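Single-structure report; data block below.
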Protein chains: 2
Amino acid sequence: MKKATMRDLCDETGLSLGTVSKYLNGGQLKEKNRKKLDEAIERLNYRVDEYARGLITNRTRTVGIITTRLDNLFYSSIISDVETKLYEKGYAAIIKESGYDLSKEIKGIEWFLSRRVDALIIIPVGRKKEDYEILNEAEVPVLFLDSYIEGVRCESIVTDNEEISRHAIDWLISKGHKKISIILDKDNPYTAERRLEGYKQAFKENGMEEEDYRIYRINESIDSGYAVAKQIVTETDSTAIFASNYISTVGVVYLLNELDIRVPEDISVLGFDDILITSLYRPKLTIINQPIEKISQLAVDRLFELLSEENKEYKTHLLENELIIGKTVADIN
Amino acid sequence: MKKATMRDLCDETGLSLGTVSKYLNGGQLKEKNRKKLDEAIERLNYRVDEYARGLITNRTRTVGIITTRLDNLFYSSIISDVETKLYEKGYAAIIKESGYDLSKEIKGIEWFLSRRVDALIIIPVGRKKEDYEILNEAEVPVLFLDSYIEGVRCESIVTDNEEISRHAIDWLISKGHKKISIILDKDNPYTAERRLEGYKQAFKENGMEEEDYRIYRINESIDSGYAVAKQIVTETDSTAIFASNYISTVGVVYLLNELDIRVPEDISVLGFDDILITSLYRPKLTIINQPIEKISQLAVDRLFELLSEENKEYKTHLLENELIIGKTVADIN
DNA sequence: AGATAAAAATGAAACGATTCATTTACGGGA
DNA sequence: TCCCGTAAATGAATCGTTTCATTTTTATCT
């Protein structure tokens, strides 16, 4: 028993292809024919073949999303939000992972373009515009989340990483901290560099020197964050750790638990992106939050604007972050 | 500038459709022609249209996956694993969310079937076989994860929820607990009922009565778990809480933190599915773990077996769980 | 050079829908 | 009953590939 086609419906009902097609797309039919068709559809288990339809209409009502890894809750929260919003507008999201691997990400983009998605949302892992030459050929709107790369043909939504980082470090310094280690994520080059920039700027503003920088780089794994945190705690005299992204924050907290380190008595801690963390860990972490809901709303809004615009004009959006003060930073003045 | 087609390649190179197609699918060409074609592909930015290809080949090398919500880390971990394994075999995973909404899940299935996925992997939210009648018409293999529903045409991979629950509660009782509250998730009817069954059985085996049951049901949200945990802690004299799934475990831990409840002095706690939890929370939670890696490996293995089999014979697999003993259960004998 | 087998290349038909310019059916007024 | 305007139905052409039975080219051996 093969899949039924529109032609089978025609045979069953005596109607023509055009009529069947019209009905399937919401057109009016005479009551009698409508009934016959409904019955035939039911009986034959007919279902539109989107491949045949897409081939001719060239619209798939489909948005391709590339995230890094599903088990990165920060990104998954955004994507989940975006998916829901797209669904409400009749669009389907197709989600793929890059696994922090640029070549897999690019293959994902090609896969999507071959599949005629109407638009692309990407959490990119590349770092230079040469990585994204493929996008110059893409005639669909493209939206980067959490990363901005000069010269790439796409819309970008990022938060003010530099400013919030500067602000947070400045605040740390005002609490008397001078030996502040920052943990950066190699796999997220854009945000990492912006956050490092803010760190440096705060140092500068407070008259501290380059020799005072304490910079550690990890790749995007909890274990990696854990290991570096251990190094900082056991081998240096840092008074504060700034875990500058979600995964490293989890890694640091993990270490604090494992080694039974008292916070903030033994060391002060500042984290990034509170997904679950302050629910599960005590004392309440001092943490920087990005506006997930705003990011996803803006993403969807802009996407539909771009879809409807004839001459797409790409913009870059900068959203504000927030420092939530918990109980993990000591005043050592 | 429109998208280039194979016919454009023919015009550019003087070759025929058949030849171009053959090359695109890995066939041999004379050196001279190969070169010409490569150049033309490059120059015209040609990319295969998978819609046209899929229409005729009827194979899309694509697996549809429906999960509940991306921010449920337990499921996302499995899906992420599965995606990676499929990718390595040349298959693309298309991921969609049901949001714990059966009608959205069914629409997702329809969407996938229309899109000719080669197979389906579902973390279902339905509870009876009538919910899945649509699958009887599906001619592709279907795999349910974390749920088994009698009479549904699909393969199922589940863990031995009943046995591990019985074992864990039995162990709790052996530590002197008699007032044990279990939190069940309405949105995961299958696992919830199996786990409840194990709870009841342990009670029976230990000569306890039905009047001793303390059963609480929540829906799949951390807040809901939090609220019920609060109720248990503040309004009852329970000596132990069994949070019988991931989300409720997170909710319970959240509450313990908020109210500064001492564990296990004030109350003993048993959780389910340790994703991040024991990394972030202290004392180390006593928790039941499901074998994520085994689940995803088995899922992929069976998927490919089913894809290659002519007459698909669906099985149900039961994997073993593990009780990891931490420090959140007091011996009150 | 000719015969022959193997390798390459050809191109029409097919996949299952939508589109649109025409044709047919219907209902109401004179 | 006839006419006419509108609504409904028609069906050939089309989208961009793959397939496969044929034909053409190339290479090898006498």
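Every chain is numbered from 1, with letters handed out A, B, ... down the list of sequences. Keep in mind that what you see is a predicted model, and the values were worked out from it rather than measured.
- Among the heavy atoms of the strands lying under 4.0 Å from Arg116(A) are primed sugar atoms or P, OP1, OP2 only; no base atom is included.
- Here Glu39(B) does not pair with Lys36(B) in a salt bridge; the nearest charged N to carboxylate O distance is not below 4.0 Å.
- Every residue two or more places apart in sequence or in another chain that forms a ring-ring contact (aromatic ring centres under 6.0 Å, His included) with Phe144(B) is listed here: Tyr132(B).
- Distance CG (Leu9(A)) to C1' (dG11(D)): 16 Å, rounded to an integer number of Å.
- In this structure, Lys129(A) has no salt bridge (Lys or Arg N to Asp or Glu O under 4.0 Å) partners at least two apart in sequence or on a different chain.
- Both Asn58(A) and Gly18(B) lie near DNA chain D, and the one whose nearest nucleotide falls closer to the 5' end is Asn58(A).
- The separation between Leu55(A) atom CG and dC15(D) atom P is 9 Å, rounded to whole Å.
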Without placing hydrogens or testing angles, list every side-chain donor-acceptor pair under 3.5 Å for residues 20-27 of chain B, not counting sequence neighbours.
residue	atom	partner	partner atom	Å
Tyr23(B)	OH	Asp38(B)	OD1	2.8
Tyr23(B)	OH	Asp38(B)	OD2	3.2
Asn25(B)	OD1	Arg53(B)	NH2	3.4
Asn25(B)	ND2	Ser21(B)	O	2.8

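- Checked options Asn58(B), Thr57(B), Thr60(B); the residue passing with Arg116(B) is Asn58(B) (criterion: side chain to side chain donor-acceptor pair (under 3.5 Å)).
- Contact annotation for Thr19(B): base contact, defined as any heavy-atom pair under 4.0 Å involving a base atom.
- Atom CE in Met6(A) sits roughly 11 Å away from atom C1' in dG11(D) (whole-Å rounding).
- Taking every side-chain heavy atom of Ile56(A) into account, dC15(D) is the closest of dT19(D), dT17(D), dC15(D).
- Counting non-hydrogen atoms under 4.0 angstrom, Ser21(A) reaches a base of the nucleic acid.
- What separates NZ of Lys3(B) from C1' of dT17(D) is a distance of 12 Å, to the nearest Å.
- Shown here are the ring-ring contact (aromatic ring centres under 6.0 Å, His included) partners of Phe112(B), two or more places apart in sequence or in another chain: there are none.
- Shown here are the ring-ring contact (aromatic ring centres under 6.0 Å, His included) partners of Tyr87(B), two or more places apart in sequence or in another chain: there are none.
- With sequence neighbours excluded, the residues satisfying side chain to side chain contact (heavy atoms under 4.5 Å, CB included) with Asp301(B) are Gln297(B).
- Among the atoms of the strands shown, only primed sugar atoms or phosphate atoms (P, OP1, OP2) are found under 4.0 Å from some heavy atom of Thr57(A).
- Dashed line: the shortest gap from a side-chain N or O of Arg7(B) to OP1 or OP2 of dG16(D) is not under 4.0 Å.
- The nearest whole Å value for the distance from the CG atom in Leu17(A) to the C1' atom in dT14(D) is 13 Å.
- Every residue meeting the salt bridge (Lys or Arg N to Asp or Glu O under 4.0 Å) condition with Glu293(B), not counting sequence neighbours, appears here in chain and number order: Lys85(B).
- Protein atom CG of Asp8(B) is 13 Å distant from nucleotide atom C1' of dT17(D), rounded to whole Å.
- Taking five base pairs at each end of the helix from dA1(C)-dT30(D) to dA30(C)-dT1(D) and finding the rotation axis that steps the C1' atoms of four pairs onto the next four gives two axes whose angle is 40°, to the nearest 10°.
- For the side chain to side chain contact (heavy atoms under 4.5 Å, CB included) test, residues two or more places apart in sequence or in another chain that qualify with Ala93(A) are Ile65(A), Glu83(A), Leu86(A).
- For DNA chain C, the span of nucleotides reached by chain A at under 4.0 Å from its heavy atoms goes, 5' to 3', from dG16(C) to dC26(C).
- Listed by residue number, the members of residues 22-34 of chain A with any heavy atom below 4.0 angstrom from DNA chain C are Asn25(A), Lys30(A).
- Within 4.0 Å of Arg47(B), counting heavy atoms only, lie sugar-phosphate atoms of the nucleic acid but no base atom.
- Counting only distance, with no hydrogens or angles, the side chain of Asp118(A) and the backbone of Arg61(A) share a donor-acceptor pair below 3.5 Å.
- For Lys107(A), there are no salt bridge (Lys or Arg N to Asp or Glu O under 4.0 Å) partners two or more places apart in sequence or in a different chain.
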